[in-house]
Amino acid sequence: QVQLVESGGGLVQAGGSLRLSCAASGRTSSSYVMGWFRQAPGKEREFVAGMKWSGYTTSYADSVKGRFIISRDNARNTVYLQMNSLKPEDAAVYYCAARLGDYTISKFRTFYSYWGQGTQVTVSS
């Protein structure tokens, strides 16, 4: 089993920045795919960004390209999501997800085996 714990959410003014963290514990494999998803009220959970734990390959949703950056800290088993130029439409509960194995990054929710509880991001206008 893998435990994922998100942190770093909060309230930020439109145009501001926020960095989310996702700390993973309980894993033994060094091969992971990590993803960030978000879900706003009344909307489907959508892919935001992904990264292979064992490499540097990244993937971003079109809506966040150029604004968000996913990164990692292997020593801390932590994945980060740096969010810049935040817009009101970015407000959502953000979730991190993981899938063990050396796979290509997937944008589909069903691909991921483990999920965190989410962290709230509120963007005020």
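Within the structure, every pair that satisfies the ring-ring contact (aromatic ring centres under 6.0 Å, His included) test and touches residues 84-109, not counting sequence neighbours, is listed here: Y103-F111. Residue pairs meeting the salt bridge (Lys or Arg N to Asp or Glu O under 4.0 Å) criterion with at least one member in residues 74-89, sequence neighbours excluded: D73-R76. Applying the salt bridge (Lys or Arg N to Asp or Glu O under 4.0 Å) definition to pairs two or more places apart or across chains, none involves residues 3-26. Every pair tested for disulfide (SG to SG under 2.5 Å) that includes a residue from residues 32-63 fails, sequence neighbours excluded, so the list is empty. Screening residues 44-115 for disulfide (SG to SG under 2.5 Å) gives C22-C96 as the qualifying pairs, with residues at least two apart or on separate chains. The side chain to side chain donor-acceptor pair (under 3.5 Å) contacts involving residues 116-125 comprise Q13-S124, where partners must be two or more places apart or lie in separate chains. Residue pairs meeting the disulfide (SG to SG under 2.5 Å) criterion with at least one partner in residues 36-65, sequence neighbours excluded, are absent. Sorted by first then second residue, the salt bridge (Lys or Arg N to Asp or Glu O under 4.0 Å) pairs that include residues 105-116, not counting sequence neighbours, are E44-R109. The disulfide (SG to SG under 2.5 Å) analysis of residues 36-88, with sequence neighbours excluded, yields no pairs.
Under a 3.5 Å cut-off, the side chain of Y112 and the backbone N or O of V33 do not form any donor-acceptor pair.
Taking each heavy atom of R38 and A92 in turn, the nearest pair found is CB-CB, 3.8 Å. The two atoms that bring M34 and L4 nearest to each other are CE-CD2, 4.1 Å, heavy atoms only. Between Y60 and A49 the shortest heavy-atom distance is CD2-CB, 3.7 Å. Heavy-atom minimum distance, A24 versus V2: CB-CG1, 4.4 Å.
Remark: S17 engages Q82, N84 in a side chain to side chain contact (heavy atoms under 4.5 Å, CB included) (not counting sequence neighbours). Every residue meeting the side chain to side chain contact (heavy atoms under 4.5 Å, CB included) condition with A23, not counting sequence neighbours, appears here in chain and number order: T78. T57 is linked by a side chain to side chain contact (heavy atoms under 4.5 Å, CB included) to K52, I105, counting only residues two or more places apart in sequence or in another chain.
No side-chain heavy atom of D90 sits less than 4.5 Å from a side-chain heavy atom of M83. Considering only heavy atoms from C-beta on, W36 stays 4.5 Å or farther from M51 through its side chain.
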**Request:** Please report the C-alpha distance between V93 and F37 in whole Å, then the side-chain angles of each, then the deciding distance to 0.1 Å, and finally whether the side chain to side chain contact (heavy atoms under 4.5 Å, CB included) criterion is met.
**Result:** CA-CA 8 Å; V93 176; F37 288 75; over 6 Å; no

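Hydrophobic cluster membership is shared by F68 and V12, with clusters built from Ile, Leu, Val, Met, Phe, Trp and Tyr side chains linked at under 4.5 angstrom. F47 and L20 are members of different hydrophobic clusters when ILVMFWY side chains are connected at heavy-atom separations under 4.5 Å. I69 and Y80 are assigned to two separate hydrophobic clusters, defined by single-linkage of ILVMFWY side chains at heavy-atom distances under 4.5 Å.
Expressed to the nearest 0.5 Å, how far OG1 of T104 lies from CZ of R99 amounts to 11.5 Å.
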